[in-house]
Amino acid sequence: METGTNKSPQRIGVPREIFPGEKRVATVPEVVEKLIKLGFAVSVESGAGDAANCSDDSYRAAGAQIVDGAAALWAGSDIVFKVCVPTPAEVDMMREGGILIGFIWPAQNPELMQQLTAKKATVLAIDSLPRMLSRAQKMDALTSQAGVAGYRAVVEAANAFGRFFAGQITAAGKVQPAKVFIAGAGVAGLAAIGTAVGLGAIVRANDTRAEVADQVISMGGEFVAVDYEEEGSGGGGYAKVMSEGFQQAQRDMYAKQAREVDIIITTALIPGKPAPKLITAEMVKSMKPGSVIVDMAAERGGNCELTVPGEAVVRHGVTIVGYTDLASRLAKQSSTLYGTNLWRLAEELCKAKDGIANINMEDEAIRGLTVTKEGSITWPPPPPKQVAAPAAAKPAAPAQAKKGHGHGGGGEPMAGSKLAIVFGVAALMFWFVGANAPGAFLAHFTVFVLACFVGYMVVWNVTPALHTPLMSVTNAISSIIAIGALVQIAPPAGTTDWIRWLAVAGIVLTTINMFGGFAVTQRMLAMFRK
């Protein structure tokens with residue numbers, strides 16, 4: 001079959017996953033309907049979705065054909081959607097020249113790659129997606145599955161912990177909140193932070209990448225830094241292997257956290273490499289009895305020296321959870337997310353919505369995914385195109401400019417000459433008003449000018465991130481201005497009309513400001529409502 005030249009719509013096949021303990025399925029009925037709208041026909045092996053609460057009848061209702069037996073499914077499908085890496089037996093059943101989409105891990109499975117090329121297959125490895133491309137995020141199955149696993153890790157920890165996460169004060173006494181430490185704040189780590197914070201625990205986290213600190217804090221956690229200066233960002237959104245000096249400082253920090261916290265969740269893993277040993281047996285011994293470790297890197301040996309992959313064991317009074325199927329334990333949710341990722345990929349392959357997949361090797365995202373093309377190995381892909389570097393910023397003046405920009409919310413500080421001109425013009429205007437206005441007005445005008453200056457300086461020195469909450473505060477100030485304007489709307493006899501019109505203008509502007517402030521504040525608060 002030559003990709004993209006068939007006139008009839010292609011058929012997508014979804015086999016039952018045969019990996020021991022795997023409950024996920026590559027697509028769900030809700031996604032089947034979307035695939036059919038792209039022009040594809042869809043076949044699902046009978047029973048493929050049973051473990052994910054997707055019955056054969058629900059697939060039929062969505063428009064899919066139910067096929068009995070894996071051999072018939074593989075042989076009758078132009079495109080096969082899978083979750084787990086295919087076995088040699090499954091590849092043997094594959095139609096020659098067909099398309100396979102799923103987790104492949106080409107670097108770890110060279111023999112599988114050779115078998116797929118012998119079948120003249122076109123293989124799109126979802127794990128090889130260039131994750132740094134913003135438009136590829138909708139297809140990023142690694143991220144979606146890691147988020148589910150991070151959530152499930154906290155659930156498993158809560159199940160093994162045997163105590164409340166949140167602190168409580170009851171008639172029977174005070175219950176202290178659980179303390180959770182999360183090693184690695186990638187996608188899974190951040191999902192774990194959000195879940196643990198939501199359950200009421202005190203959450204701490206660490207990561208080798210300095211930029212993650214703000215994300216941890218925004219999720220409600222506390223970032224615990226290693227007392228060692230080294231940049232830890234690696235390629236593709238992963239952390240890199242750190243120096244021995246950093247690792248020793250990191251171990252010292254982990255040892256301290258192990259003595260203090262109740263639960264440790266480790267997520268440190270670099271694809272293709274054994275999991276780094278972060279939690280030693282001595283650290284486990286130092287933990288309080290009843291504590292829990294959830295090792296999310298158990299599949300690659302584990303971050304804890306005492307982890308047993310696939311099992312939950314008790315060592316030195318500490319429960320060490322080494323399950324390797326965390327995402328599969330939430331099969332319905334993870335299957336829905338994974339199916340959506342593959343549907344988004346199908347959209348990219350079938351932009352004409354004619355049911356014909358077009359493997360466009362000029363598309364950087366598709367090129368990165370494609371590890372074999374019609375029997376030829378195309379992995380690894382060429383390096384990503386270099387984006388033109390932004391123009392170099394002008395060197396900032398040492399301390400003065402830095403200080404002004406760091407605290408200011410509006411931009412660069414005003415130059416000294418411009419500031420002098422502004423103050424000169426303002427002084428001239430002030431003199432002109434003072435020479436021609438009544439004495440009572442001059443006193444009020446002086447207060448007004450000083451209020452404008454003080455208000456400007458206060459707002460200027462507020463961090464831009466706080467400008468929206470600040471609007472709710474300015475409503476109170478605006479109400480004071482409105483009261484003053486209302487007093488002047490009917491001035492005493494003998495005063496000029498222009499004071500009245502100034503009061504009218506003040507009321508109009510204040511009304512707009514107050515209405516806008518409340519509207520923006522309402523929208524901001526709505527973001528935090530569930």
Side-chain angles (χ1 to χ4, degrees), residues 146 149-150 153-154 157 160-161 178-190 192-193 196 201-213 215-217 221-234 237-309 312-324:
V154 177
F161 186 46
K179 294 180 180 178
V180 180
F181 177 70
I182 296 172
V187 176
L190 290 173
I193 291 170
I202 297 172
V203 183
R204 305 169 184 171
N206 168 261
D207 198 279
T208 58
R209 295 160 291 186
E211 65 270 17
V212 174
Q215 299 175 31
V216 171
I217 294 170
E222 173 192 350
F223 187 79
V224 182
V226 176
D227 190 16
Y228 194 96
E229 291 293 331
E230 184 176 347
E231 174 54 43
S233 295
Y238 296 101
K240 70 175 185 180
V241 178
M242 306 301 285
S243 67
E244 181 55 38
F246 181 93
Q247 292 180 34
Q248 181 57 51
Q250 188 181 52
R251 283 191 289 268
D252 294 340
M253 183 269 290
Y254 284 156
K256 179 182 177 183
Q257 294 299 320
R259 293 190 296 269
E260 296 179 0
V261 303
D262 304 298
I263 295 169
I264 296 177
I265 298 175
T266 65
T267 69
L269 187 62
I270 299 175
K273 298 181 182 293
K277 299 301 180 185
L278 305 179
I279 309 299
T280 63
E282 291 300 320
M283 295 180 195
V284 176
K285 288 181 182 179
S286 70
M287 296 181 72
K288 292 173 279 189
S291 298
V292 178
I293 297 174
V294 179
D295 194 338
M296 296 186 65
E299 189 174 2
R300 299 291 296 175
N303 295 136
C304 177
E305 288 182 348
L306 303 180
T307 296
V308 178
V313 297
V314 178
R315 299 287 185 268
H316 308 294
V318 178
T319 302
I320 304 172
V321 179
Y323 298 148
T324 57

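Keep in mind that the numbers below use all heavy atoms, side chains included, and drop hydrogens, waters and symmetry copies. Residues: numbered from 1 along the sequence shown.
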Kindly compute the distance separating [atom1] ([X]) from [atom2] ([Y]), expressed to the nearest 0.5 Å.
| X | Y | atom1 | atom2 | result |
| --- | --- | --- | --- | --- |
| Ile182 | Thr267 | CD1 | OG1 | 8.0 Å |
| Met283 | Ile293 | CE | CD1 | 10.0 Å |
| Met296 | Tyr323 | CE | OH | 14.0 Å |
| Ile264 | Ser291 | CD1 | OG | 8.0 Å |
| Phe223 | Ile193 | CZ | CD1 | 9.5 Å |
| Ile263 | Ile202 | CD1 | CD1 | 12.0 Å |

Using the test side chain to side chain donor-acceptor pair (under 3.5 Å), find all partners of [X] that sit at least two apart in sequence or belong to another chain.
| X | result |
| --- | --- |
| Arg251 | Glu244, Gln248 |
| Thr266 | Asp295, Asn303 |
| Glu260 | Arg204 |
| Tyr254 | Asn206, Gln250 |

Which heavy atom of [X] sits nearest a heavy atom of [Y], and at what distance?
| X | Y | answer |
| --- | --- | --- |
| Ala258 | Met287 | O-CG, 3.3 Å |
| Ala275 | Ala268 | CB-O, 4.2 Å |
| Thr319 | Ala160 | CG2-CB, 4.0 Å |
| Asp207 | Gly186 | OD2-N, 3.9 Å |
| Val180 | Ala201 | CG2-CB, 3.8 Å |
| Ala183 | Leu278 | CB-CD1, 4.2 Å |

Do the non-hydrogen side-chain atoms of [X] and [Y] ever get within less than 4.5 Å of each other?
| X | Y | value |
| --- | --- | --- |
| Val224 | Gln257 | yes |
| Arg315 | Val313 | yes |
| Phe181 | Lys256 | no |
| Val284 | Ile279 | yes |

Any residue meeting side chain to side chain contact (heavy atoms under 4.5 Å, CB included) with Val187, in chain and number order, not counting sequence neighbours: Arg131, Thr143, Ala146
Any side-chain to backbone donor/acceptor pair from Lys277 onto Gly301? Under 3.5 Å, distance only.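 It does hold such a pair.
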Could you give all pairs that pass the salt bridge (Lys or Arg N to Asp or Glu O under 4.0 Å) test and reach residues 284-294, with sequence neighbours left out?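 Sorted pair list: Asp262-Lys288, Glu282-Lys285.
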